[in-house]
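Side chains included, hydrogens not; waters and symmetry mates left out as well; all remaining heavy atoms used.
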Amino acid sequence: TNTDNGATQEHTAVTLSRSGTTGQLNHDIWKLIVGFLVDDLRIRRDFPHKPTTRSTADSLKAVFNEYAGDSHNRGMYGHRMYGVLYPPTTGDYSFIVELTQVSCACSVEFWLSTDIDPRNSRKLLATEVPFMISRDVPAAKISDVVRLNSGSAYYFEFLEKAFDGMVVSEVKWRTPLENKFVSIPPSSFSTAVEFDKTTGQYVESPMAKALLGPLPILVLQVSAVN
């Protein structure tokens, strides 16, 4: 169990192994969801085990209006990208969630585990753009520095919720070999669970059970703020 400011993330105990499709990420989308906060997605009974669509992505960049329906439902959706990172070299890393286009209220979160186990995840980044308060693209927040080891695997999640508009966002990193934030290359990530495009289902595995059900694995708890 891992906790951040009242949000508790619970994962089933499981024996995990390093596997997955390199250059791909798991990508789940929920449609017709009101609200602009990630918590509006997280508290739903069908999150995370029953998304509207399940697929894969080839980058940590999300373009939200790709999934827009008719004009009455435009922007009412959320997404969850998740997978495993493989740092190319050992050293200190920083992350940002870069918002390049924002025409609506939205929020994003980036979680990273201390290893491949989702139970050890912590929230590194969170950004909110409140509805009718600011439509300007906010400056990207920089995460705390985390030390990652080459040859190790780290589970991550990228969550986003938007309402009535377009959002383009991307998780980037600054490695020990670079002095600026860059896109994370496909060689440095893989899916957390295998996705069968023929059947439309995930391949049975301990990681799939831990992340996707059968019981909900993410719950919201209310706690006092000091």
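- Of all non-hydrogen atoms in G91 and P176, the two that sit nearest each other are CA-CG, 3.5 Å.
- Residues I96 and L99 are members of separate hydrophobic clusters, defined by side-chain heavy-atom contacts under 4.5 angstrom among Ile, Leu, Val, Met, Phe, Trp and Tyr.
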Output, in order, the C-alpha distance, side-chain angles, deciding distance and verdict of side-chain hydrogen bond (donor to acceptor under 3.5 Å, both in side chains) for T114 and Y154. CA-CA 6 Å; T114 56; Y154 302 86; over 6 Å; no

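- Atom CE of residue M81 and atom CZ of residue F189 lie 9.0 Å apart, to the nearest 0.5 angstrom.
- When all heavy atoms of R54 and P48 are compared, the pair lying nearest together is NH2-O, 4.3 Å.
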Under the side-chain contact (heavy atoms from CB on, under 4.5 Å) criterion, do S152 and Y86 qualify, and how do the steps go? CA-CA 6 Å; S152 296; Y86 306 102; over 6 Å; no

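- In the hydrophobic cluster analysis, where Ile, Leu, Val, Met, Phe, Trp and Tyr join through side-chain heavy atoms closer than 4.5 angstrom, V182 is grouped together with L125.
- Checking side-chain atoms of K141 against main-chain N and O of A126 turns up a donor-acceptor pair under 3.5 Å.
- Side chain of N26 to backbone of S55: no donor-acceptor contact under 3.5 angstrom is found.
- Closest approach of L148 and P87 over heavy atoms only: CB-CG, 3.6 Å.
- Note on F181 and I184: separate hydrophobic clusters, where clusters join Ile, Leu, Val, Met, Phe, Trp and Tyr whose side-chain heavy atoms are under 4.5 Å apart, directly or indirectly.
- K172 places no side-chain N or O within donor-acceptor distance of the main-chain N or O of V97, the cut-off being under 3.5 Å.
- Distance check: D144 CG to L112 CG gives 11.5 Å after rounding to the nearest 0.5 Å.
- In this structure, the side chain of T191 does not engage the main chain of Q24 through any donor-acceptor pair within 3.5 Å.
- Taken to the nearest 0.5 Å, the OG1 atom of T127 stands 10.0 Å off from the CD atom of E160.
- Listed for the S107 side chain is a donor-acceptor partner under 3.5 Å among the backbone atoms of F36.
- Residues T22 and P186 approach most closely at CG2-O, 3.6 Å, considering heavy atoms.
- With hydrogens and angles ignored, the 3.5 Å screen pairs no side-chain donor or acceptor of S143 with any backbone N or O of S94.
- A donor-acceptor pair is defined here as one N or O able to donate and one able to accept, closer than 3.5 Å; no such pair exists between the side chain of Y155 and the backbone of W111.
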Under the side-chain hydrogen bond (donor to acceptor under 3.5 Å, both in side chains) rule, what do S121 and E157 come out as? Steps first, then yes or no, please. CA-CA 9 Å; S121 299; E157 290 192 13; 6.0 Å; no

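- To the nearest 0.5 Å, the span separating CZ on F95 from CH2 on W173 amounts to 6.5 Å.
- With Y82 as the aromatic partner, R80 meets the cation-pi criteria of under 6.0 angstrom to the ring centre and within 45 degrees of the ring axis.
- Here the side chains of W30 and K161 are not in contact, with every heavy-atom distance at 4.5 Å or above.
- Closest approach of V84 and F156 over heavy atoms only: N-CE2, 3.4 Å.
- Of the possible polar contacts, one joining the T90 side chain to the S150 backbone as a donor-acceptor pair under 3.5 Å is found.
- Salt bridge present: D92 and R147 bring a charged side-chain N and a carboxylate O closer than 4.0 Å.
- At a threshold of 4.5 Å between non-hydrogen side-chain atoms, the residues L25 and L60 count as touching.
- A salt bridge is defined here as a Lys NZ or Arg NE, NH1 or NH2 lying under 4.0 Å from an Asp or Glu carboxylate O, and R42 with E109 meets this definition.
- In this structure, CD in E170 is found 3.5 Å from OG in S183, a value given to the nearest 0.5 Å.
- Taken to the nearest 0.5 Å, the OG1 atom of T56 stands 10.5 Å off from the CG atom of D28.
- Contact detail for V146 and R122: the closest heavy-atom pair is CG1-NH2, 3.4 Å.
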